[in-house]
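First up is the structure itself, then whatever we jot down about it.
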Amino acid sequence: DVKVTQSSRYLVKRTGEKVFLECVQDMDHENMFWYRQDPGLGLRLIYFSYDVKMKEKGDIPEGYSVSREKKERFSLILESASTNQTSMYLCASSLISRVTSTGARDTQYFGPGTRLTVL
Amino acid sequence: AQTVTQSQPEMSVQEAETVTLSCTYDTSESNYYLFWYKQPPSRQMILVIRQEAYKQQNATENRFSVNFQKAAKSFSLKISDSQLGDTAMYFCAFMNNNDMRFGAGTRLTVKP
């Protein structure tokens, strides 16, 4: 079974602090993703990475950065946390599918989430 | 840009009955994947079922089945013989290459 873990389930930080959210997957997946989940908005993609040291902006990258130094680990960084970044953060990973005619990526597997509160 | 719409924010169903969750999407692509994910209260999001757009046959997974209407861009989830453990948020998702889009979710409550 794929296992995606996140460093914290709950986190409370103060405005202006630098925040690190860690995600680790154990299935040698090439793609990794960071989403934030807010009520009524579903999941919105912040950043994704398709290889070590590679990253792509998602829909809402402002205020965030990411780091992928090793294949299994993908970190989300809030450089200066703000109250509007209070949210649930979900990490996901997927294996590039090389066999489908669509060239689409495979199923995403999610971590348990980190509920971040910024005071 | 692709969009996914779940028009039912909340639904409830009696245990052992059948419920259908709606999902529509908008895309100009012809090849893509569709998913239903389940997120139980305070638990991890897990895949329920997936459908490849180039397959005409509707996907099924035990008590879960989909009604995929490609022309109508509709992808509903049917849960048969509902169980208390089916209580969760359900998210419909669309994927094409690196673009993954989620609906806002439907909160399903199964009542004893």
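Sequence lines set the chain letters: A, B, ... in the order given, protein chains first and strands last, and positions in each chain run from 1.
Contact annotation: the side chain of A/V4 never approaches that of B/M45 to less than 4.5 Å [non-hydrogen atoms, C-beta and beyond]. B/M100 has its side chain within reach of A/Y35: a pair of non-hydrogen atoms, C-beta onward, lies under 4.5 Å apart.
Residues of residues 71-81 of chain A placed with any heavy atom under 4.5 Å of a heavy atom in chain B are absent; none qualify. The contact list for residues 111-119 of chain A toward chain B, using heavy atoms and a distance under 4.5 Å, reads A/G111, A/P112 by residue number.
Using a 4.5 Å cut-off between heavy atoms, B/R101 contacts chain A through its side chain alone, with no backbone atom that close. Using a 4.5 Å cut-off between heavy atoms, B/Q39 touches chain A through its side chain atoms alone.
Within 6.0 Å of the CZ atom in B/R43, the count of heavy atoms belonging to other residues, nucleotides or ligands does not exceed 12.
In terms of heavy-atom pairs under 4.5 Å with chain B, the best-connected choice from A/Q37, A/R9, A/M88 is A/Q37. In terms of heavy-atom pairs under 4.5 Å with chain B, the best-connected choice from A/D38, A/L41, A/D59 is A/D59.
In this structure, NZ on A/K3 lies 9.0 Å from CD on B/Q44, to the nearest 0.5 angstrom. Summarising the geometry, atom CZ belonging to B/F102 is positioned 8.5 Å from atom CG belonging to A/L90; distances are rounded to the nearest 0.5 Å.
Nearest heavy-atom pair across B/A104 and A/G40 is CB-O, 3.4 Å.
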